[in-house]
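The structure presented is a predicted model; accordingly, all values stated were derived computationally and were not measured.
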Amino acid sequence: MNVAAQSLWLIPALPLAAAGIGALTPRGGRMLAAGSAITALFASLVLSCLALNTALANPAVHAVHNFAWFDLGAGAVRLGWLLDPLTAFMCVMVTLVGLLIFIFSLGYMKEDANFTRFFCFLSLFAAAMLGLLVANSLLLLFICWELVGLASYLLIGFWFHKPSAAAAAKKAFITTRIGDLGFLLGILWLYDARGTLLFFDGGAGILEHASLAALSGQTVCCGLAAATAIGLLVFCGAIGKSGQFPLHVWLPDAMEGPTPVSALIHAATMVAAGVFLIARVYPLMEADKLLTAVPVHALTVVAFIGAITALLGAVIAVGQNDIKRILAFSTVSQLGYMMLALGVGSWVAAIFHLLTHAFFKALLFLGAGSVIHAAHHEQDIRRLGGLRGSMKTTFATFAIGMMALAGVPFLFSGFWSKEAILHAAHALDGSPALRSFGVVGQLPLAIGLAGVVLTAFYMTRLVAETFFGSARTAEAGDVHENSAVMTVPLVLLAVGSVALGFLGTPAFPWLQARLLGEAEVHGHSLLEGGGLMALSIVLVALGLGAGWALYGRRPRAAAAAIDPLAARAPGVVAALADRLGFDELYAATLGRLSDLLAMLAAGLDRWVWGGAVNVLAGLGRALGLISQGTDESVINASFDDAGAGLRGTGQVYSRAQTGDAHGYLRVTAIAFVIIVLIIVLGGIR
Amino acid sequence: MSLLPLAIYVSFAGALLALAAGAHSAAAARWTALLGALAGWGLTLAAAGGFVPAAGLQTLTDVAWIPQLGIRYHLAADGISLTLVVLTGLAAVAGILFSWNIGERAGEFFALYLALIGGVYGVFLSADAFVLFVFYEIAIVPKYFLIANWGSTNREYGAMKLVLYSFGGSALVLAGLLWAYAAGGGQSFALDDLAATAAHFPRGQQVGMFALVFLGFAVLAGLFPFHTWAPTGHVAAPTAASMLLAGVVMKLGAYGCLRVAMPLFPIGLAYWQPVIAWLAIAGILYAGFVALVQEDFKFVIAYSSVSHMGFVLLGLAAANATAAAGAVLQMFSHGVIAGLLFAVVGRMVYERTHTRQLADLQVQPLFRLLPFAAVTFVLAGLASMGMPGFSGFPAELTILIGTWRVSPVWAIAAAGGVLVAAAFTLRVIQLSFFGTNPAGAAAAPEHPLPPLTLAEKSGAVLLLAATIIVGLRPDLLLDWITPALQSPLMQAVWKGGTP
């Protein structure tokens, strides 16, 4: 069965309807809210699979359905749906991972009083996320982009009675909005330049040849091509949403939300939306790649931001103690890898890693949720320990996720997708600009390789501290494996974390061909990059070994015992635990600047503008007093009559701060009469 | 369509009837007022149903009034008027629903209220500058009494400041209009006649006349730095009056700029354009920052109104049909959203908790005590910060698209306002309804508050529906608005007065 582009709207519409049902369901209707959410997402999953089937039949085709949203006289603003392999793969991933997380939430949120609201928000999120994926218009994508941000805000702040959760929600929204501001400006510029925001529109779309040629041919300020400038503005949105340096600070705080939310939104799907966005507008991002006389190429910036983020996230993760924060910084780092892949010219590698990461990171977060749920909401890994024996399923699946993330060779999907990125960073096929940099152009690769060691290290630490050794607190001692509603999704995600690798191993680069819409498969074979692969395997082994040597061989004895790494380098670990001070830096600069501006504006309003008004009022009052005596006879009687009914209140006005109300009205009335008389009579004559 | 003038008369008649009914009982007065407002709104909707969008005003009534001075009682409408009278009707009905608890001298209250509405309808339907001005003055006077008699915080001061500013603005408008009228030979006050004669004025004269008329009207639209009447006035006003003040009265000013100042003196607009644009941008950002540190719930909303009206003025200053269409859409959008925000603050919260200090509200579990109000406020707040799905998004987007065409720098500066709006809106949402009691939430005693009434809920649903419908389908209004901006008069404006 085929799915036509014009019925693609059903994929986001079904969860939206479920969100509507959830919103109208009273608190007691738990099964109705959860049932409709899960049913709708399941239906979307089925539709997405059908859409994938359709898209794979003709992978080179961008099937679209466009329509006008509103007409501005000078041109219409049009929106549309788009079906191609990229959209279809993403839809299947989001609905599948989403469905498993929805089911997991049945167990995890069981005791929460606001269970129905939770499922309503989850459905709203799913609708917005799927809308973002099927959009054939940068504007529609932006609209859904804002709505996923809203859903994220609502879900981070779900337990708003916790001040930290309320603050984190606000921080996430504002920080991502800073990036969105750039995105919006890119949209405005693009619309002004091209008169449309449709991606594909029979040759007239912004991702089609005519538009790209025009944008790359046009030079704007500082010698940049218009395509570069617009591309970078759009990338600002991705920096915010995907937690890239320097706007990464919100993502770890977002862990204040319930753990299924962290898994779905802040690991698997929404934060990857920035990667999807850049992959979607890739023709625009690389439109400048053959220009030589420009100061910078858009993708070069993407590559370096990605590399910095990949390393930064991995470094900070080493110094964290909260199980969810470690995973959050690892998400930051992995998103950096995806951006790096985009920047070095391989959006296919980025999407491959996005898909595998969605599975294994959702698995890790749900595993963490399973631990937290069982351990009476203890999240500090120093206070856990020894869970290996009491939570066998959680441990086994978590270990699979950990190995996928660390990039343990051959069996795990994360290995293959990470290899694809490293190979792309080495070959630089899609980025002539970086290649022309020589050694500097290999910097992203070097940073990526450094990240590989760190990733293996901090994940080994996480698993060793949590699951090995013996229980270090009463909470960790009294744990039991969770019910099937929570463990079955773990098992399914674990299966995906392994199996998904085969979609894109170098021996079987099926995914790449489908995404690129090419009939024949070509690309680097397994052997061609053998040296690099061997190097990265050694690096993984190094990270695992170091982690085990420090944390696994001699397990932590007590919760308060000093960290072996902190014992060796206390200053470094303290700085990492403090997240290298980014939050403090922003609070001291941007935060203080905003406060200062606000105080300044408020002061101006009160003292300068308000003061001027009061001075004028004082003058008016003086004038009123002077003229009061003489004016009585001039005022016509009707004015007084009209006021007579309200004379009682008039007594109050006469004591008013600014003086006598009737006096003012009289002065005003006289002034009017005089002006009218002078000008009208003068004019007529 | 030809029934539209009836909306004016029905409102004035309703005012008299409400006054009479008030002598009997408060309930009679409010039901009379509601019926009057519903009748007016119904008439505007009926007119909208039969409306055929066209470029230019479609005459509704045209009779000689003061023939010696060439003044005709000429009422006419186009898509812009229609959008704004529909808004006026909606705001009027919602405002009455949120004034359902007015007991003290209800007859007078609703009489003044409907008189104001009648004046507003009149302004939006006038095609003669003098008639427009008369209605404009009619709309100003009742505001004073509404605030001074039924207001709260510092009400005499607020009412007086507002009235002085309004009359000051009126004086400028009148001076400018009379200047143009006299310079044109004193033949006619009809807007198109005035525009036709003004086209032959020397540039310097147009520049001067435009400055008087535009500034006079823009004061009422909250143009920075002449906005200070707005926060004190809004805060002092009773709920329904602040809803009308922000919802429709500020639109009178913007409408005057668009309907009178711009078509009459296009060369003046071209001259003053950068000044107005930068003042508008300053207003957007400045008022946003002021809102960020207010301690009084209502002041936050009042400053947010000034900030949003900055977008309207920027849309006008951009001087192209796209931005102007956005400005009209934003007038509608802000009218609805500001009404909703003031309703929550003034009626749903203040009249139950008797405080508007965020510090006091913060320690009450208002979300649990007034869940309907909380949800309404969150939705209204989202609409106010330009979230897609609500009317503010297409409006501000259209303004920015049109502004970018003139000056990307203006658009970039104004877009910063969207960020500030998010900051102050989230802050106030959190402090008002979702505050956390630092002293320990469990210990705080929960006094049950009176539940929300049906009237309040209906009013909220009405306004929410309006912002969501327009948010999803802005074409419903833009299909009226855009043709109106292509009339010969407006074409001349977009061309900067050069034929």
Contacting region of A:Leu139 [heavy-atom separation from chain B under 4.5 Å]: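 Side chain only.
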Working for side chain to side chain contact (heavy atoms under 4.5 Å, CB included), residues A:Tyr191 and A:Leu138: CA-CA 10 Å; A:Tyr191 185 77; A:Leu138 198 56; over 6 Å; no
Taking every non-hydrogen atom, the tightest pair across B:Glu137 and B:Ser170: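 Closest pair (atom of B:Glu137, atom of B:Ser170, distance): OE2-OG, 2.6 Å.
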Chain A contact via B:Ala415 - which portion, at a heavy-atom distance below 4.5 Å: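 For B:Ala415, backbone and side chain are both near chain A.
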Residue A:Ala23 versus chain B: region with a heavy atom under 4.5 Å: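 Neither the backbone nor the side chain of A:Ala23 comes within 4.5 Å of chain B.
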Side chain to side chain contact (heavy atoms under 4.5 Å, CB included) assessment of A:Ile156 paired with A:Lys171: CA-CA 10 Å; A:Ile156 296 171; A:Lys171 180 171 171 182; over 6 Å; no
Atom group of B:Phe224 that falls short of 4.5 Å from chain A, counting heavy atoms: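 Contact with chain A is through the side chain of B:Phe224 alone.
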Heavy-atom pairs under 4.5 Å with chain A, option from B:Thr232, B:Ile412, B:Val375 with the top count: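 Result: the option with the highest number of such pairs is B:Ile412.
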Proximity of A:Phe183 and A:Phe142 rings by center, below 6.0 Å: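 That pair passes the under 6.0 Å test.
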Test of ring centre spacing under 6.0 Å for B:Phe434 and A:His161: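 Ring centres of A:His161 and B:Phe434 not closer than 6.0 Å.
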Chain A contact via B:Phe226 - side chain, backbone, both or neither, heavy atoms under 4.5 Å: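 Neither part.
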Nearest non-hydrogen partners of B:Gln430 and A:Ala166, listed with the distance: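 Taking B:Gln430 first and A:Ala166 second, the nearest heavy atoms are NE2-CB, 3.2 Å.
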Best-contacting candidate, B:Leu285, B:Val141, B:Leu426, B:Thr482, against chain A by heavy atom pairs under 4.5 angstrom: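 Top count of heavy-atom pairs under 4.5 Å with chain A: B:Leu426.
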Chain B interface, residue from A:Asp595, A:Leu72, A:Asp71 that has the most non-hydrogen pairs under 4.5 Å: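 Among A:Asp595, A:Leu72, A:Asp71, the one with the most close pairs to chain B is A:Leu72.
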Contact class of A:Leu181 relative to chain B, heavy atoms under 4.5 angstrom: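 Contact with chain B is through the side chain of A:Leu181 alone.
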A:Trp145 and A:Asp180: side chain donor to acceptor below 3.5 Å: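 Their side chains do contain a donor-acceptor pair, which is all the 3.5 Å distance test asks for.
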Proximal component of A:Ile178, with respect to chain B [non-hydrogen, under 4.5 Å]: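 Both backbone and side chain.
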Closest-packed option against chain A by number of heavy-atom pairs under 4.5 Å, given B:Leu400, B:Asn320, B:Leu292, B:Asp479: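 The answer is B:Leu400.
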Results of side-chain hydrogen bond (donor to acceptor under 3.5 Å, both in side chains) for A:Lys170 - residues two or more places apart only: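 Partners of A:Lys170 under the side-chain hydrogen bond (donor to acceptor under 3.5 Å, both in side chains) test: none.
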Contacting moiety of B:Gln187, where chain A heavy atoms sit under 4.5 Å: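 Contact with chain A: none, neither part.
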Heavy-atom contact with chain A under 4.5 Å, split by part of B:Ile481: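 Neither part.
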Minimum-distance pair of heavy atoms, taken over all atoms of B:Phe424 and B:Gly288: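 In terms of heavy atoms, the two residues are closest at CD2-O, 3.4 Å.
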